[in-house]
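Have a look at the structure below, then the notes.
Atoms within a ligand are numbered from 1 in the order they appear, just like the ligands themselves. One-based numbering along the sequence shown.
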Amino acid sequence: MNKSILDYETVELDDENNALVIIDQTKLPSMTEIVNLKTAEEIWDAIYLLKVRGAPAIGVAAAVGIYLLAKKIETDDYETFYQEFCKQKEYLNSSRPTAVNLSWALNRMEQVCVANRDKTVAEIKELLKKEAILIKEEDIQVCKSIGEYGLSLLKKGDGILTHCNAGQLATCKYGTATAPIYLGLERGYNFRVFADETRPLLQGARLTAYELHSAGVDVTLICDNMSATVMRNGWVNAVFVGCDRVAANGDVANKIGTSVVATVAKRYNVPFYVCAPTSTIDMNTPTGADITIEQRPDHEVTEMWYKERMAPEGVKVFNPAFDVTDHDLISGIVTEYGIARAPYTESLKEIFKNK
Ligand code: MRU
């Protein structure tokens, strides 16, 4: 039987071969290429080039990656080991700025070193491996829990619109925004899903439409400029999106175009939900204005995916990878510990208190 894309691991540790194993998501859906990453540069490039992408998957890849890089440090002296670990950590952390899961996972790995400084370097390396595996296992449970809370907001036959890919390919299983859809599929909810294609990197077309279609979900691909039409037609009962960083006031950074969808949803009274594991909530960032938005190269807009260049040479390009959706456009933030509602300054604190 043919393997479905959902049968592959998004991120995997091959400890024997000292490799971080990923699916190269830039090649999907036409080619399923499994890549072994061994050096710091290969891991950095894979994250920067979006071979592995989506906030939770980036976090898991960084955790596995830093373990593999730490394993290669040849010293028995803790201070020398720790200094080199921090150097590698900072390097990986510089690969993408917006998804907080990257620094969250790397900081968690660093804490393993710090808390076990009295142990031998060999023992610390073993503990780092355990932590990386735990971060991956937790991600699966977290997504499942987000799926349950998300499903409680939906009813059978609902139409759902999603933007970018917050699917299994962005996590280790289920996805965040797609988790209610996958759980609903198992339970006969018969959702109708609209997937925005998501210019310029087409994560919606290449990844979300692909994985949902492979799973047997009723999914319709639309261009980004069609979301108002499907909402105006009354075909959408709820919008579910993922996110890269939630600020303490509930402002949310997610793939560019998300705030347009949120604004249109408000106009047509469609509830707009953001799915966010607590690893994506950054209580140290006060508002959306404090979130660094990644700027990406011009060629992603002018040439990439086209057979020939589609814009005049030398034209100015603005290519932010993410935008901020203001908290007043968000109906709820779905976490693994429950659904936060406005006022978010209070409800997000509560989520962490009950964690
Ligand atoms: O640039 P990408 O593809 O990494 O952007 C991904 C997104 O914006 C996702 O919605 C977000 O990371 C959440 S993934 C569960």
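Here the protein heavy atom with the shortest distance to atom 6 (C) of ligand 1 is Arg53 NH2, 3.5 Å. Ranking protein heavy atoms by distance to atom 5 (O) of ligand 1, first place goes to Lys255 CE, 3.3 Å. Among all non-hydrogen protein atoms, the one lying nearest atom 10 (O) of ligand 1 is Asn254 OD1, 2.6 Å. Ranking protein heavy atoms by distance to atom 11 (C) of ligand 1, first place goes to Asp244 OD1, 3.1 Å. Scanning the protein heavy atoms around atom 12 (O) of ligand 1, the nearest turns out to be Ala55 N, 2.8 Å. Distance from atom 14 (S) of ligand 1 to its nearest protein heavy atom, with residue and atom name: Ala170 CB, 3.5 Å.
At distances below 3.5 Å, not a single donor-acceptor pair connects side-chain atoms of Thr162 with backbone N or O atoms of Ala195. The main-chain N or O of Glu300 is never found under 3.5 Å from a side-chain atom of Trp305 such that the two would form a donor-acceptor pair.
Of the charged side-chain nitrogens involved, at least one lies within less than 4.0 Å of a carboxylate oxygen, so that Lys71 and Asp15 count as a salt-bridged pair. Under a 4.0 Å N-O distance rule, the pair Glu9/Lys136 qualifies as a salt bridge. At a threshold of 4.0 Å, the pair Glu79-Arg117 counts as salt-bridged, since one of the basic side-chain nitrogens sits closer than that to a carboxylate oxygen.
Under a 4.0 Å heavy-atom criterion, Asn165 is in contact with ligand 1. The shortest separation from a heavy atom of Cys243 to ligand 1 is under 4.0 Å, placing the residue in contact. Residue Cys164 places a heavy atom less than 4.0 Å from ligand 1. Look at Pro56 and you'll find a heavy atom under 4.0 Å from some atom of ligand 1.
Cation-pi geometry between Lys266 and Phe272 is not met: the NZ or CZ atom fails to fall both under 6.0 Å from the ring centre and inside 45° of the normal. Figure legend: Lys125 and Tyr67 shown without cation-pi pairing, the cationic atom not lying both under 6.0 angstrom from the six-membered ring centre and within 45 degrees of its axis. Phe322 does not carry Arg296 over the face of its six-membered ring by the limits of under 6.0 Å from the centre and within 45° of the normal.
Between Thr176 and ligand 1, not a single N/O pair is under 3.5 Å apart. Backbone and side-chain nitrogen or oxygen atoms of Leu50 are examined, and none is located within less than 3.5 angstrom of a nitrogen or oxygen of ligand 1. Between Gly54 and ligand 1, a contact under 3.5 Å exists for at least one N or O pair.
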Steps toward ring pair (Phe, Tyr, Trp, His ring centres under 6.0 Å) verdict (Tyr174, Tyr182): CA-CA 7 Å; Tyr174 302 111; Tyr182 286 126; 7.4 Å; no
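Atom 2 (P) of ligand 1 has its nearest heavy-atom neighbour, among Arg245, His163, Arg96, in Arg96.
Distances below 4.0 Å separate heavy atoms of Gln203 from the following atoms of ligand 1: 1 (O), 2 (P), 3 (O). Taking a cut-off of under 4.0 Å to the non-hydrogen atoms of Ala166, the atoms of ligand 1 that pass are 14 (S), 15 (C).
The closest side-chain donor-acceptor pair between Glu84 and Gln88 falls under 3.5 angstrom.
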